[in-house]
Amino acid sequence: MNTKKMTMSKTKEYKPSEEFANAMSLSNMQVLFDYEEGKLDTIQSLLLFSELLKSGLVWQLEEHFQRTARDLIQGGYLNFDGTPTKKCYE
């Protein structure tokens with residue numbers, strides 16, 4: 001992990017790494033906000049956590065996202081790699 005302090009120069013435009021830009025687009029952020037505000041239904045929430053697990057991003061988010069992901073895995077709805085289980089289709 002790079003521990004250098006990031007400063008933004010007025011002369012040089014900040015560009016996030018490609019991995020970060022791909023993992024956390026503004027549309028992804030909006031879905032996270034919608035989830036936190038209770039705007040997603042069950043299927044949308046499962047899809048969100050499926051994608052968060054597939055990307056590994058869930059482990060970088062706040063603890064309640066990680067807890068929910070673990071609960072979905074332990075409950076048999078999602079595999080650790082984010083793929084839905086047969087239980088999702090029942």
Side-chain angles (χ1 to χ4, degrees):
M1 178 177 203
N2 188 353
T3 59
K4 283 188 349 184
K5 186 176 180 181
M6 185 185 312
T7 59
M8 294 186 63
S9 165
K10 291 182 180 180
T11 59
K12 185 176 181 184
E13 182 180 338
Y14 169 70
K15 292 185 179 181
S17 70
E18 185 177 339
E19 293 85 12
F20 181 81
N22 290 338
M24 189 49 86
S25 68
L26 289 177
S27 62
N28 290 346
M29 290 293 295
Q30 185 59 51
V31 172
L32 293 177
F33 295 142
D34 289 347
Y35 171 78
E36 288 181 320
E37 294 172 5
K39 294 180 179 178
L40 303 184
D41 62 26
T42 303
I43 293 175
Q44 291 170 324
S45 296
L46 280 169
L47 290 172
L48 168 63
F49 278 91
S50 173
E51 292 303 318
L52 290 173
L53 283 163
K54 287 176 185 177
S55 69
L57 188 60
V58 72
W59 310 119
Q60 298 171 22
L61 295 173
E62 297 171 1
E63 180 63 29
H64 68 273
F65 285 99
Q66 297 174 27
R67 217 177 9 257
T68 301
R70 278 192 224 87
D71 290 345
L72 290 169
I73 292 167
Q74 291 173 351
Y77 293 97
L78 295 174
N79 292 309
F80 191 77
D81 66 358
T83 56
T85 65
K86 290 182 181 182
K87 193 171 184 176
C88 285
Y89 301 102
E90 294 176 349

Original post:
Could you state the interatomic distance from SG (C88) to CD1 (I43), rounded to the nearest 0.5 Å?
Top reply: 9.0 Å

Original post:
Does F80 have any ring pair (Phe, Tyr, Trp, His ring centres under 6.0 Å) partners at least two apart in sequence or in another chain, and if so, which?
Top reply: W59

Original post:
Just how far is it from atom NE2 of H64 to atom OG1 of T68, taken to the nearest 0.5 Å?
Top reply: 6.5 Å

Subject >> Sequence-distant partners of E51, salt bridge (Lys or Arg N to Asp or Glu O under 4.0 Å), two or more places apart >> reply: K54

Original post:
With sequence neighbours left out, what residues match E62 under salt bridge (Lys or Arg N to Asp or Glu O under 4.0 Å)?
Top reply: none

Subject >> Which residues share a ring pair (Phe, Tyr, Trp, His ring centres under 6.0 Å) with Y77, sequence neighbours left out >> reply: none

Original post:
Is any side-chain heavy atom of I73 less than 4.5 Å from a side-chain heavy atom of L53?
Top reply: yes

Original post:
So do F65 and E36 actually touch side chain to side chain, heavy atoms under 4.5 Å?
Top reply: yes

Subject >> Inter- and intrachain pairs under salt bridge (Lys or Arg N to Asp or Glu O under 4.0 Å), touching residues 75-89, at least two apart >> reply: none

Original post:
Under the side-chain contact (heavy atoms from CB on, under 4.5 Å) test, which residues partner Q74, sequence neighbours left out?
Top reply: D71

Subject >> Minimum heavy-atom distance between S45 and L40, given as atom pair plus value >> reply: OG-CB, 3.6 Å

Subject >> Path from L72 to L47 over hydrophobic side-chain contacts below 4.5 Å >> reply: no

Original post:
Tell me, do L32 and L52 make a side-chain contact under 4.5 Å, heavy atoms counted?
Top reply: yes

Subject >> Backbone of L57 reached by a side-chain donor or acceptor of Q60 within 3.5 Å >> reply: no

Original post:
Side chains of P84 and L46: closer than 4.5 Å at any heavy-atom pair?
Top reply: no

Original post:
Can you tell me how far CZ of F33 sits from NZ of K39, rounded to the nearest 0.5 angstrom?
Top reply: 11.0 Å

